[in-house]
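Please read the structure below before turning to the comments.
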Protein chains: 2
Amino acid sequence: MARPRKFDEVRAVDAAMEAFWAAGYEATSTQDLCDATGLGRSSIYNTFKSKHDLFERALARYMERKNGELTEFLDDDTRTARQKLRGILQRIIDEEFTRHPDGRGCLVVNTAIEVASHDAPVAAALERDYGVRLEMVRAVIERGQRDGDIAADRDSRTLAHLLIAAIGGIRVSARAGVDRAALESVADATLTAF
Amino acid sequence: MARPRKFDEVRAVDAAMEAFWAAGYEATSTQDLCDATGLGRSSIYNTFKSKHDLFERALARYMERKNGELTEFLDDDTRTARQKLRGILQRIIDEEFTRHPDGRGCLVVNTAIEVASHDAPVAAALERDYGVRLEMVRAVIERGQRDGDIAADRDSRTLAHLLIAAIGGIRVSARAGVDRAALESVADATLTAF
DNA sequence: CCAATTTTGTACTGATCCATCCAAAATAAA
DNA sequence: TTTATTTTGGATGGATCAGTACAAAATTGG
């Protein structure tokens, strides 16, 4: 009994995500969000409480998408645990150098650096997401330990923290101008610790 | 034959550095810079071309300071090469958790993530700085290899890239809420690869 | 067709953005 | 003291910021 929406809310969040991903939180204006989503200001403020609220939704969507892709990758059991861990790092490198040559990096890492320390709810979301990824990686490592693929005497939780730190490290280095070959050697060297 | 300056330019750059470090480039307004330096707008714009120019100076000063501290640390030869590498990581962790509990992190990492991809001169500065740090770390590693402290059959350049990536990874993880004990175990595990 | 309800486009708010302008103040050389 | 030069404070510029107000448009139930 009212005028229906002309747009898809999920698609709007996706478009906002792309905008925040490309430019960062501060540098993305509400006008940029209107342009990216194709919506007017009224539609945006009628649907989302604020720029910040839209950012939280966009960030959640990004995490959901990325963790979904990771789950899918890890569920393919044609690879050993070790190959899976190396594959995780390779995918990061590929993403940094080919998928997005404009250097937008990873929205989670960008957010951890740019906004987490000034924004408690965002920091909490990042912490939850870290926990999710930690458990995913830890499960792979423990499987590798049972298979004899990874040394069983090492703490799986620590190794999982190490792998996730390697992801962040590779991403930071990529932004600092380190070339692809060097980062692949870093990925190989990291696996040496497993 | 003219009115002299009432302020010290270097101190002004230091103050600006603190401001950018605490809030990031975009979130630091020119008014914030006036407040932090204690200067009026005229003095700032008379001394520096723009906010961006002042940022480049502040970033250069940060790099100079941090690399100086690192040189000082590495020049103390009461430690083995391995202990030095572990010490580098420990200092990062200490800084993240105690020196600046407000979570400002590292200006170089923050800049790599927030501005490098949109700003060529800043990206170039980061790349140069990375090269400087790479050589410093590599020198330590090669010394360790000569001393039998570090496996001599590994590529020193790769290991140096790995150590620097570990720094970035630890910093990103710290911002994502990972606790100190976990990061220290990550530092230990990283050294396992050497 | 009418009434009720929601979305949408546009105009607008006051604040803040980075930067410039200009004249008063301060100093050194003449 | 005068003159030349530079710094400084404060006002100002136009643009943009996040967010709101409001009425026209669009739809469904009556």
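Letters A, B, ... are given to chains in the order of the sequence lines, protein chains preceding strands, and every chain is numbered from 1.
- Just one residue in the list A:L126, A:L107, A:V132 forms a side-chain contact (heavy atoms from CB on, under 4.5 Å) with A:M63, and that residue is A:L126.
- Between the CD atom of A:E9 and the P atom of C:dT7 there is a distance of 10 Å, given to the nearest Å.
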Sugar-phosphate or base contact per nucleotide [nucleotides 19-26 of chain C; S, B, -; heavy atom under 4.0 Å]:
BBB---BB

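- Each of A:L85, A:I150, A:V137 was checked for a side-chain contact (heavy atoms from CB on, under 4.5 Å) with A:L159, and the lone residue meeting it is A:I150.
- At whole-Å resolution of the value, CD in B:E26 and C1' in C:dT16 are 14 Å apart.
- Between A:R104 and B:S117, the side chains place no donor N or O within less than 3.5 Å of an acceptor N or O (distance only, hydrogens not considered).
- Remark: aromatic rings of A:H161 and A:Y130 are close, center separation under 6.0 Å.
- Relative to the six-membered ring of A:Y25, A:K51 meets both conditions, a distance below 6.0 Å and an angle of at most 45° to the axis.
- The CG atom of B:L33 sits 12 Å away from the C1' atom of C:dC17 (whole-angstrom rounding).
- No cation-pi contact links B:R154 to B:F194, judged by a cut-off of 6.0 Å to the six-membered ring centre and 45° from its axis.
- Ion pair B:K84/B:D77 flagged as a salt bridge, since at least one NZ, NE, NH1 or NH2 atom sits closer than 4.0 Å to an Asp/Glu carboxylate oxygen.
- DNA chain C lies under 4.0 Å from no heavy atom of any residue of residues 14-25 of chain A.
- Residue A:I44 contributes atom CD1, which lies 15 Å from atom C1' of C:dT10 at whole-angstrom precision.
- To the nearest angstrom, P of D:dT8 lies 11 Å from CZ of B:F48.
- Considering only side-chain N and O atoms, B:S29 lies under 4.0 angstrom from the phosphate OP1 or OP2 of C:dC17.
- Judged purely by distance below 3.5 Å, without hydrogens or angles, the side chains of A:D188 and A:S185 never pair a donor atom with an acceptor atom.
- Ranked by how close their nearest DNA chain D nucleotide is to the 5' end, B:N46 and A:Q31 are led by B:N46.
- The distance between atom CG of B:D35 and atom P of C:dC18, rounded to the nearest whole Å, is 12 Å.
- Checked by atom type, the side-chain pair A:R175/A:N110 shows a donor-acceptor distance below 3.5 Å.
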